[in-house]
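Positions are given from 1 along the sequence.
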Amino acid sequence: MPRPRFLDPTERGLSQLGQEILPVLYRHRLLTAGQLTQLLRPAATSTRYIRRQLEVLHGRGLVDASVRRTSRAGELLWYTTALGCEVVESGGELAPRAYRMTEDAAASQLQEHTLAVNDMGLAFVQHARRLGDECGPLDWDPEVAHRVRDGDSRLGDEAFLVPDSVLRYIHTAPTGDGEQQRMLLTFFCEIDRATMSIARLAAKLHAYARYSRYIPHRPWAAAGRRQAGTGGRHGVPATRPSPGSCWCWTAPLTLSWRSGPTICGPWWPRTHDCNRPQTCRPE
C-alpha cells in the first residue's frame, strides 16, 4: 500500500516523512515515536529520524507533545496542534473530524486507551505486511458513530453505537483459475483494559446486539406509514441491498498473540445472495 501523502503548498519545506506524519497524527490523536516509526518506516532500526522530523514539525507549531503518565523515562506522546489540524484539513485528503486533541486531553488518563487502540491498528498493519495484504497507517478511524435508530424510535432512545475503532483491511487470496481475489473487510474493534464498569460494558454489548439486528427503513416509507396510521416498525419492508452486495460476518474477530498477532476464526465475510438481511450490512 502506498504511504500516506500530504501535500500542501504552504509546507513545501517539510520533508516527505514530515508530510506523512501530519495526517497520521491527525487521524490517530496520540502516537509515540516508536509507533510512528513502525507505521511509516518499519525498516528503521531506531526512532532517531522520526524524532528529528517531529522536532521540525514542533518548531513550526504543527505538532506538540505530552509526557506519558505511566513512563518513568518521560516518553513523549505526539499530537497535532490546532494549526496542524488546519493544515491537514486544508489538504482535502482526509475527512475533517470534529474532535481535536488538546493539551489537556493529551495529558489526561485517556492516554493509555488511545495508545492501545493504535497498537491494535499497528498489529493489523504488520500482519498485512507479512501476508501481502493491504492495511496502511490511515486505515482505521477512532470512535466512528453509527446510528441505530430510525424515525420510529422513541424520544431519548439510544441512537448511536460508537466502537473504539473502525478498521479496513484488504485480504488477497488466490482463486481456482490462478487469479487473485481481493476482499475489503471492515471491523468494529473494541479495546478493554479492565477499566470499564460492568454496567457500561453491558450497555455497550447491548448496543452491539441492537446494531446487529438493525435494518434501516426508507424514510419516505416510514413517513407514509405514520400518515396511514398503520404503526409498527415492521409494517414496511426494510431497505435491502441487491443480491451479492452485502458483507456477512460469520463470527467475531479474534487476535492470537502466541507468535505475534494472528487473525483466527471463521470470520471472513463472504459475498452472497442476501437472504438473511438481519445479519448483513450494506457494502
On a heavy-atom basis, which atom in S46 and which in T37 lie closest, and how many Å separate them? O-CG2, 3.8 Å

Going by the salt bridge (Lys or Arg N to Asp or Glu O under 4.0 Å) test, which pairs reach into residues 165-181, not counting sequence neighbours? D141-R168

Is it the case that the side chains of S165 and E143 hold a donor-acceptor pair, with the cut-off being a distance below 3.5 Å and no angle test? no

Given the options H127, R182, H171, D133 meets side chain to side chain donor-acceptor pair (under 3.5 Å) only with H171

Rounded to the nearest 0.5 angstrom, the CG-CG distance for L31 and L115 is 7.5 Å

Please round to the nearest 0.5 Å and tell me the distance separating atom CG of L167 and atom CG of L185. 9.5 Å

Please check if M101 and L76 belong to a single hydrophobic cluster, counting links between Ile, Leu, Val, Met, Phe, Trp and Tyr side chain heavy atoms closer than 4.5 Å. no

Say whether L30 and V144 are linked into one hydrophobic cluster, either directly or through other cluster members, by side-chain heavy-atom distances under 4.5 angstrom. no

Does R52 have any side chain to side chain donor-acceptor pair (under 3.5 Å) partners at least two apart in sequence or in another chain, and if so, which? none

Applying side chain to side chain donor-acceptor pair (under 3.5 Å), name anything that partners Q111, two or more places apart in sequence or on another chain. none

Which distance, rounded to the nearest 0.5 Å, do you find between the CG of D139 and the CD1 of I170? 7.0 Å

Would you sort out whether T47 and R51 count as a side-chain hydrogen bond (donor to acceptor under 3.5 Å, both in side chains), showing the intermediate values? CA-CA 6 Å; T47 63; R51 287 188 282 110; 2.9 Å; yes

L77 and side chain to side chain contact (heavy atoms under 4.5 Å, CB included): which single residue from T114, V67, T32 fits? T32

Suppose we call two aromatic rings close when their centres sit under 6.0 Å apart. Are F188 and H146 close by that rule? yes

Using side chain to side chain contact (heavy atoms under 4.5 Å, CB included) as the criterion, point out the one residue from V87, V88, I21 that pairs with L62. V87

Describe, in one word, how the ring planes of Y169 and F187 are oriented to each other, choosing from parallel (under 30°), tilted (30 to 60°) and perpendicular (over 60°). perpendicular

Same cluster or not: are V162 and L201 linked, directly or through other Ile, Leu, Val, Met, Phe, Trp or Tyr residues, by side-chain heavy atoms under 4.5 angstrom apart? no

Could you grab the distance from atom CZ of R27 to atom CG of L94, nearest 0.5 Å is fine? 5.0 Å

According to salt bridge (Lys or Arg N to Asp or Glu O under 4.0 Å), does anything in residues 68-83 pair up with another residue at least two apart or in another chain? List the pairs. R68-E75, R68-E112

Check whether Q181 reaches the backbone of T172 with its side chain - one donor and one acceptor, N or O, closer than 3.5 Å. no

Begin with the C-alpha distance, continue with both residues' side-chain angles, and end with the deciding distance and a verdict on side-chain contact (heavy atoms from CB on, under 4.5 Å) for Q19 and Q53. CA-CA 9 Å; Q19 296 176 45; Q53 297 305 310; over 6 Å; no

Show the numbers, then the answer: is there a side-chain contact (heavy atoms from CB on, under 4.5 Å) between V24 and H28? CA-CA 6 Å; V24 174; H28 303 315; 3.8 Å; yes

So, T102 side chain and A105 main chain: donor-acceptor pair closer than 3.5 Å or not? yes

Any chance you could lay out the side-chain contact (heavy atoms from CB on, under 4.5 Å) test for V166 and W140, step after step, and finish with the verdict? CA-CA 5 Å; V166 177; W140 72 95; over 6 Å; no

So L110 and R29, do their side chains get closer than 4.5 Å, heavy atoms only? no

Check A106 against S66 and note the closest heavy-atom contact, atom names and distance. O-OG, 3.5 Å

Consider only side-chain heavy atoms of I, L, V, M, F, W and Y, link residues closer than 4.5 Å, and tell whether F124 and L131 are in one cluster. yes

W78-H58 side chain donor-acceptor pair, cut-off 3.5 Å: no

Show, in sequence, the C-alpha distance, side-chain angles and deciding distance for E89 and R100, and conclude whether the salt bridge (charged side-chain N to carboxylate O under 4.0 Å, His left out) test is met. CA-CA 12 Å; E89 291 169 358; R100 291 187 178 183; 2.8 Å; yes

Check the hydrophobic clustering (I, L, V, M, F, W, Y; side-chain heavy atoms under 4.5 Å; chains of links allowed) and say if L205 and I191 are grouped together. no

Please identify each residue that fulfils salt bridge (charged side-chain N to carboxylate O under 4.0 Å, His left out) with E55, with sequence neighbours left out. none

Rounding to 0.5 Å, atoms OG (S108) and CD (E103) come to a distance of 12.0 Å

Any donor-acceptor pair under 3.5 Å linking the side chain of D64 with the backbone of Y79? no

Any cation-pi pair here, R97 with Y26, using under 6.0 Å and within 45°? no

Audit row: L54, L25, side-chain contact (heavy atoms from CB on, under 4.5 Å) steps and yes/no: CA-CA 11 Å; L54 287 168; L25 282 180; 4.2 Å; yes

What's the shortest heavy-atom distance between P137 and L40, and which atoms? CG-CD2, 4.0 Å

Could you tell me whether E134 and R129 make a salt bridge, using a distance below 4.0 angstrom between a side-chain N and a carboxylate O? no

Can you tell me if CZ on R48 sees more than 12 non-hydrogen neighbours from other groups inside 6.0 Å? no

Residue pairs meeting salt bridge (Lys or Arg N to Asp or Glu O under 4.0 Å), one or both in residues 186-205, sequence neighbours left out, come to D164-K204, E190-K204

I50 side, atom CD1; Q35 side, atom CD - distance, nearest 0.5 Å: 11.5 Å

